Amino acid sequence: MTKEKVSTDAIIAQIIAGIEDVKGNDIIIMDLREIENTVTSYFIICNGNSNTQVNAIVNSVQRKVSKELQENPWHVEGSSQAEWVLMDYVNVVVHVFQKHVRDYYDLESLWGDAKTTVIESAY
């Protein structure tokens with residue numbers, strides 16, 4: 001029996017839910033599909049207030065996507081410092097920052113041509 005392909009929309013929904021479960025801040029989705037030579041279709045960017053919260057966001061996202069969709073990230077990097085953790089789900093790359101690091105690298109401006117959706121937090 002082969003595993004069915006999980007939709008990108010389903011992965012995005014579970015990633016957002018995982019971030020919101022541990023109160024990640026300033027969540028945005030950047031649609032990169034119309035930009036040439038990108039390595040992924042979407043960026044999801046958020047930030048936490050500390051190393052502990054950044055790791056909690058990463059763990060929550062991994063748990064949620066794994067439990068609901070039986071998908072695991074292809075690659076995760078940056079967990080040891082927990083200032084900028086990148087989670088690669090192939091079509092969706094999640095960037096979890098500490099606020100000061102997010103401000104410094106400013107991916108939103110760097111990828112300014114992308115269509116951006118701001119997720120309003122429920123808390």
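Given the structure is predicted, the values throughout are model-derived calculations rather than measurements.
What you find for Gln14 and Val65 is that their closest heavy atoms are CB-CG2, 3.9 Å. The shortest non-hydrogen separation linking Ala10 to Val6 is CB-CG1, 4.1 Å. Contact between Asn55 and Ser79 at its shortest, heavy atoms only, is OD1-O, 3.5 Å. Summarising the geometry of Ser60 relative to Gly18, their closest heavy-atom pair is OG-O, 2.6 Å, with the distance given to 0.1 Å. Heavy-atom minimum distance, Asn47 versus Arg102: OD1-NH1, 2.7 Å. Closest of all the heavy-atom pairs between Ile35 and Ala114 is CD1-N, 3.5 Å.
Side chains of Met87 and Ile15 form no contact here, defined as non-hydrogen atoms less than 4.5 Å apart. Here the side chains of Ile44 and Ile19 are in contact, with some heavy-atom distance below 4.5 Å. At least one side-chain heavy atom of Leu107 sits under 4.5 Å from a side-chain heavy atom of His95. Using a 4.5 Å heavy-atom cutoff, the side chains of Trp111 and Thr38 are in contact. Two residues are said to be in side-chain contact when any heavy atoms from C-beta on lie closer than 4.5 Å; Asn25 and Asn49 meet this criterion. A heavy-atom distance below 4.5 Å is not found between the side chains of Tyr42 and Lys115. Between Val96 and Cys46 the shortest side-chain heavy-atom distance falls below 4.5 Å. The shortest side-chain heavy-atom distance between Arg63 and Asp21 does not fall under the 4.5 Å cut-off.
When hydrophobic clusters are built by joining Ile, Leu, Val, Met, Phe, Trp and Tyr residues whose side-chain heavy atoms come closer than 4.5 Å, directly or via intermediates, Leu110 is grouped together with Tyr104. Linking ILVMFWY residues whenever their side-chain heavy atoms come closer than 4.5 Å, directly or via other members, leaves Ile28 and Val94 in distinct clusters. Taken together through direct or relayed side-chain contacts under 4.5 Å among Ile, Leu, Val, Met, Phe, Trp and Tyr, Val54 and Val93 form parts of separate hydrophobic clusters. Hydrophobic clustering keeps Val92 apart from Val90 (ILVMFWY residues linked when any side-chain heavy atoms are closer than 4.5 Å, directly or through intermediates). Note on Val58 and Ile12: same hydrophobic cluster, where clusters join Ile, Leu, Val, Met, Phe, Trp and Tyr whose side-chain heavy atoms are under 4.5 Å apart, directly or indirectly.
Side-chain atoms of Gln98 come within 3.5 Å of backbone atoms of Ala82 as a donor-acceptor pair (strictly under, hydrogens ignored). Checking side-chain atoms of Asn51 against main-chain N and O of Gln81 turns up a donor-acceptor pair under 3.5 Å. For the pair Ser50 (side chain) and Gln53 (backbone), a donor-acceptor distance under 3.5 Å is present.
Rounding to the nearest 0.5 angstrom, the gap separating the CG atom in Asp113 from the CG atom in Asp31 is 12.0 Å. Taking CD1 from Ile29 and CG from Leu32, the interatomic distance works out to 11.5 Å, rounded to the nearest 0.5 Å. In this structure, CD on Gln70 lies 9.5 Å from CG on Asn72, to the nearest 0.5 angstrom. In this structure, the separation between OH on Tyr89 and OG1 on Thr8 is 13.0 Å, given to the nearest 0.5 Å. With rounding to the nearest 0.5 angstrom, the CZ atom of Phe43 is 7.5 Å from the CG atom of Leu86. For the atom pair CD of Glu34 and OG of Ser41, the computed distance is 10.5 Å after rounding to the nearest 0.5 Å.
Using cut-offs of 30° and 60° on the angle between ring planes, the pair Tyr105 and Trp84 is tilted.
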What's the verdict on side-chain contact (heavy atoms from CB on, under 4.5 Å) for Val61 and Lys64, showing C-alpha distance, side-chain angles and the deciding distance? CA-CA 5 Å; Val61 167; Lys64 194 80 148 177; 5.9 Å; no
